[in-house]
Amino acid sequence: MAAPRGVIRALHRGTLTQNSSMDRIFSGIQPTGKLHLGNYFGAIQNWVRLQEEYNSMLYSIVDLHALTVPREPAVLRQSILDTTATLLACGINPEKCLLFQQSQVPEHAELGWILGCLTSRPRIQSFPQWKVKNASQNYEGTVGLFTYPVLQAADILLYKSTHVPVGEDQVLHLELARDIAQHFNKKYGNFFPVPKAILSTTKKIKSLRDPTAKMSKSDPQKLGTLNITDSPEEIVLKFRKAVTDFTSEVTYDPDSRPGVSNLVTIHAAVTGLSIKEVVHQCVGLDTAHYKGIVAEAVIQKFVPIRNEIKRLQEDKSHLEKVLQAGAEKAKELASPVYQEIKRLVGFQ
């Protein structure tokens with residue numbers, strides 16, 4: 001559920017001062033399943049751009065969050081490495097940012113407990129994500145699932161982050177982090193910066209099988225999700241099966257033609273063209289032919305990345321070293337902040 005526009009504007013007040021030593025950007029991604037085009041254009045592409053523009057960047061593989069639903073240990077271990085390989089192949093450079101595994105910095109969980117003690121239960125119950133995820137599970141939702149927005153706030157505030165890249169579906173979570181920071185500051189003194197949003201400018205990528213819903217790792221319709229690691233044959237098949245409508249021309253009208261409009265959005269994203277330019281180029285094409293054109297554009301964009309992911313996955317020790325080095329640097333930043341938090345709340 002998207003946040004109200006007024007909330008989005010409030011969170012986005014203030015701008016980054018390029019290359020300012022005062023700005024610190026934090027973002028995280030769960031190691032759950034294969035990363036897809038929605039992840040790439042909604043988050044990873046933005047991360048790559050930001051690491052070139054700003055000095056203090058922290059990108060975390062948030063494996064603690066992955067435990068909010070059942071995970072097989074061996075699968076989770078492999079997913080952490082696969083996610084690391086994917087981020088590196090997409091252009092994340094550990095020499096320009098900190099890339100680390102959340103659970104290797106225990107201060108995340110410890111601060112999460114402190115912040116949870118400052119957060120009311122009704123505040124968390126208001127989150128639409130809790131209602132949707134809890135309803136979709138075959139058992140009562142776990143405490144971890146309920147409280148993970150507080151852990152997200154701890155992830156951000158532990159490093160005194162000033163900005164967080166988010167999509168509209170995560171704006172309410174950042175609003176909670178801001179509220180918690182302000183509550184802590186009021187109780188213990190001015191300590192945390194109140195983080196602002198860096199909103200993605202890319203239009204949301206939708207499911208190929210249900211273009212009214214966003215593309216998702218958990219989509220039960222496997223043909224609806226385009227994974228970064230899909231083979232050319234899989235990409236062609238998924239576009240061939242993509243839901244459109246009975247009008248053959250290529251136009252952009254998300255309300256009345258969501259399926260074709262989603263194809264146009266994907267085409268624009270992988271080529272760097274505007275929506276208007278894509279539609280202009282495709283005048284006279286029928287949608288069946290257009291599906292093939294978009295599939296080929298996606299293949300050209302992601303086959304090199306897919307090949308690099310495969311190469312990196314074969315070097316497990318390198319991936320582990322990247323995460324270890326990132327965690328050590330993250331701990332250097334987190335430790336003095338958390339020590340001061342312990343003093344402020346009365347632990348020492």
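Residues Glu308 and Arg311 are paired through a salt bridge, judged by an N-O separation under 4.0 Å between the basic side chain and the carboxylate. Note on Arg343 versus Glu340: salt bridge recorded, some NZ/NE/NH1/NH2 to OD/OE distance being below 4.0 Å. A salt bridge is absent between Asp219 and Arg209; no separation between the charged side-chain nitrogens and carboxylate oxygens falls under 4.0 Å.
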Item checked: Trace of the ring-ring contact (aromatic ring centres under 6.0 Å, His included) decision for Tyr159 with His108 -> CA-CA 10 Å; Tyr159 301 98; His108 283 259; 5.4 Å; yes

Next item on the list: Please report the C-alpha distance between Ile266 and Leu208 in whole Å, then the side-chain angles of each, then the deciding distance to 0.1 Å, and finally whether the side-chain contact (heavy atoms from CB on, under 4.5 Å) criterion is met.
Entry: CA-CA 10 Å; Ile266 294 171; Leu208 294 181; 3.9 Å; yes

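Expressed to the nearest 0.5 Å, how far CZ of Phe26 lies from CG of Leu333 amounts to 11.5 Å.
Here Tyr290 and His267 bring their ring centres to under 6.0 angstrom of each other.
A donor-acceptor contact closer than 3.5 angstrom links the side chains of Gln102 and Asp155. Side-chain contact annotation: Asp315 with Ser317, donor-acceptor N/O pair under 3.5 Å present.
With a 4.5 Å cut-off on side-chain heavy atoms, His173 and Val166 do not count as touching. Side-chain atoms of Leu35 and Tyr40, non-hydrogen and from C-beta on, never get closer than 4.5 Å to each other.
Both Phe100 and Leu111 are assigned to one and the same hydrophobic cluster, defined by single-linkage of ILVMFWY side chains at heavy-atom distances under 4.5 Å.
Counting only distance, with no hydrogens or angles, the side chain of Asn39 and the backbone of His36 share a donor-acceptor pair below 3.5 Å. Without hydrogens or angle criteria, Thr229 side chain to Arg306 main chain gives no donor-acceptor distance under 3.5 Å. Put simply, the side chain of Asn185 gets close to the backbone of Ala181: a donor and an acceptor are under 3.5 Å apart.
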Please report, to 0.1 Å, the donor-acceptor pairs under 3.5 Å made by any side chain of residues 240-248, with sequence neighbours excluded.
unit_1, atom_1, unit_2, atom_2, d
Asp245, OD1, Thr247, N, 3.0
Asp245, OD1, Arg257, NH2, 2.9
Asp245, OD2, Arg257, NE, 2.8

Show me the donor-acceptor pairs, under 3.5 Å and distance only, between side chains in residues 275-282 and residues at least two apart or in other chains.
unit_1, atom_1, unit_2, atom_2, d
Glu277, OE1, Ser274, N, 2.8
Glu277, OE1, Ser274, OG, 3.3

